[in-house]
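Residues: numbered from 1 along the sequence shown.
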Amino acid sequence: MSRPEKNLWQGIDPGAQDALKARDYGTASFAQELSRRGVDASELVAADRGQRKIKEAWIPGVEIFPRRVHPQRHRGFFGEFVRRDEGILAQIGFWPKQWSAARMFAQSAKGFHVHPPSIPPDTTADKWLRRLFVRSPENYSLRRYDDEQWDVMFFLQGTVEMILCDVRAGFSKRIMRFFIDGDNHRGSNNVGVVVPPGVAHAIRVEGAEDVIMVYGTSTIFHPEFEGRIASEVESAELPESWQRFLSL
């Protein structure tokens, strides 16, 4: 159609017309895109975190850093995760005590969960967290890596949507939604992500491909360090007939 008709939907049943709505293809501000529809991880890597609009949207303590994946012709590919004495982890003084791997089936998700921040006994949670991430954000020696779980995550296969939500005491609620490609999709969306305690996180598989991830934690695994929030997506109920049979 070269120009809109006066009654564009006259050929559609009136009942169906009432249900019609147009998709919004307009672009919003960076903060709105980041918190609502999501952005590519590469946009966050390239973002100038000194800019006010970026700083106001970014969750303090979160780090997103680029990775380079090298093709190996006729064999596959090779990609480094991180070097202990170089890059972001060296800068913030965080080196994992445990490394783990996980596979997520296509069309599945990990529900929101959060790890508790460690608060010194001589202060309050909001005062301590604001000292760490607002007043002295580059004094990494204050961080209590040995007493709280920080995560650093990498993706080897597939594509995911990661959603982060700041639920720390004394902080405004900020949400970051972004898409990460696994190493088998070589490009600018191959990144590593650091998630601090107190930031709830969830992962959803994009597309029809299984996801394989590797992640390091600042402490060894402690079940009590993992608080589940809105994780019903992980509950696969058995058919009612199976439940009845098992209950006999």
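Here the CD-CD1 distance, from Gln10 to Ile12, works out to 10.0 Å after rounding to the nearest 0.5 Å. Taking NZ from Lys97 and CG from Asp146, the interatomic distance works out to 3.5 Å, rounded to the nearest 0.5 Å. One distance of note links CD1 of Ile163 with NE2 of His201; it measures 12.5 Å at 0.5 Å rounding. To the nearest 0.5 Å, atom CG of residue Asp183 and atom CZ of residue Phe77 are 5.5 Å apart. Note that the CZ atom of Arg144 and the OG1 atom of Thr219 stand 13.0 Å from one another [nearest 0.5 Å]. Taking CZ of Phe155 as the start and CD1 of Ile212 as the end, the distance is 12.0 Å to the nearest 0.5 Å.
Not a single donor-acceptor pair under 3.5 Å links the side chain of Asn139 to the backbone N or O of Ser136. Without hydrogens or angle criteria, Gln149 side chain to His222 main chain gives no donor-acceptor distance under 3.5 Å. A distance-only check finds a donor-acceptor pair linking the side chain of Asp48 to the backbone of Gly50 [under 3.5 Å]. Checked by atom type and distance alone, the side chain of Ser231 never pairs as donor or acceptor with a backbone atom of Arg228 at under 3.5 Å. Using modelled atom types, no side-chain atom of Glu226 and backbone atom of Val114 make a donor-acceptor pair closer than 3.5 Å.
A donor atom on one side chain and an acceptor atom on the other are found under 3.5 Å apart for Asp126 and Thr124. Looking at Thr217 and Asp151, their side chains never bring a donor and an acceptor atom within 3.5 Å of each other. One side chain, Glu148 or Trp150, offers a donor N or O that lies under 3.5 Å from an acceptor on the other. In the model, Ser100 has a side-chain atom that pairs as donor or acceptor with a side-chain atom of Gln98 under 3.5 Å. Using modelled atom types and a 3.5 Å distance limit, the side chains of Glu234 and His113 yield no donor-acceptor pair.
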Step-by-step salt bridge (Lys or Arg N to Asp or Glu O under 4.0 Å) determination, Arg37 to Glu33: CA-CA 5 Å; Arg37 289 193 290 204; Glu33 291 287 319; 2.6 Å; yes

Evaluation steps, side-chain contact (heavy atoms from CB on, under 4.5 Å), between Leu34 and Met176: CA-CA 5 Å; Leu34 180 59; Met176 297 175 68; 3.8 Å; yes

From CA spacing to verdict: side-chain contact (heavy atoms from CB on, under 4.5 Å), Ile64, Ile88: CA-CA 9 Å; Ile64 300 172; Ile88 292 294; over 6 Å; no

Verdict with reasoning, Met153 to Ile203, per side-chain contact (heavy atoms from CB on, under 4.5 Å): CA-CA 11 Å; Met153 302 180 181; Ile203 299 172; 4.2 Å; yes

Stepwise side-chain contact (heavy atoms from CB on, under 4.5 Å) check, Ile54 with Phe30: CA-CA 7 Å; Ile54 307 296; Phe30 176 83; 3.5 Å; yes

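Here the side chains of Thr159 and His185 are in contact, with some heavy-atom distance below 4.5 Å. At least one side-chain heavy atom of Arg244 sits under 4.5 Å from a side-chain heavy atom of Ser241. Counting heavy atoms from C-beta outward, Asp210 and Gln157 have side chains that approach closer than 4.5 Å. Side-chain contact check for Val194 versus Phe65: some heavy-atom pair is nearer than 4.5 Å. Counting heavy atoms from C-beta outward, Leu44 and Val39 have side chains that approach closer than 4.5 Å. Looking only at side-chain heavy atoms (C-beta outward), Pro196 and His115 stay at 4.5 Å or farther from each other. Counting heavy atoms from C-beta on, the side chains of Val152 and Phe94 come closer than 4.5 Å. You'll find the side chain of Val193 stays beyond 4.5 Å of the side chain of Phe154, heavy atoms only.
By the criterion of side-chain heavy atoms lying less than 4.5 angstrom apart, applied directly or through intervening Ile, Leu, Val, Met, Phe, Trp or Tyr residues, Val82 is not grouped with Tyr215; the two fall into different hydrophobic clusters. Follow the hydrophobic side-chain contacts under 4.5 Å out from Phe225 and you never reach Ile119; the two are in separate clusters. In this structure, Val191 is a member of the same hydrophobic cluster as Val195, with clusters built from ILVMFWY side-chain heavy atoms closer than 4.5 Å. Residues Leu129 and Ile59 are members of separate hydrophobic clusters, defined by side-chain heavy-atom contacts under 4.5 angstrom among Ile, Leu, Val, Met, Phe, Trp and Tyr. Linking Ile, Leu, Val, Met, Phe, Trp and Tyr whenever their side-chain heavy atoms come within less than 4.5 Å puts Ile92 and Phe81 in one cluster.
Between Arg49 and Val62, the closest heavy-atom pair is NH2-O, 3.5 Å. When all heavy atoms of Pro137 and Val134 are compared, the closest pair comes out as CD-O, 3.4 Å. Nearest heavy atoms, Leu132 versus Arg143: CD2-N, 4.1 Å. Between Asp166 and Gly198, the shortest heavy-atom distance links the atoms OD1-O, 3.8 Å. Pro66 and Val45 make their closest contact through CD-CG1, 3.8 Å (heavy atoms, listed as atom of the first residue, atom of the second, distance). Closest of all the heavy-atom pairs between Ala200 and Ile229 is CB-CD1, 4.3 Å.
When the shell of 6.0 Å around CD of Gln72 is examined, it contains more than 12 heavy atoms from other residues, nucleotides or ligands. The environment of Arg177 atom CZ is dense: over 12 non-hydrogen atoms of other residues, nucleotides or ligands sit within 6.0 angstrom. Counting heavy atoms of neighbouring residues, nucleotides and ligands inside a 6.0 Å radius, atom CH2 of Trp95 exceeds 12 of them. Within 6.0 Å of atom CZ in Arg83, 12 or fewer heavy atoms from other residues, nucleotides or ligands are found, so the atom counts as exposed in its surroundings. With a 6.0 Å radius and a threshold of 12 heavy atoms from other residues, nucleotides or ligands, Gln243 has its CD atom above the threshold.
Ring geometry for Phe171 versus Phe133: interplanar angle over 60°, hence perpendicular rather than tilted (30 to 60°).
Annotation: cation-pi geometry not satisfied between Arg174 and Trp58 (NZ/CZ under 6.0 angstrom from ring centroid, within 45° of ring axis).
Among Arg204, Met162, Met213, the one residue that satisfies the side-chain contact (heavy atoms from CB on, under 4.5 Å) test with Lys110 is Met213.
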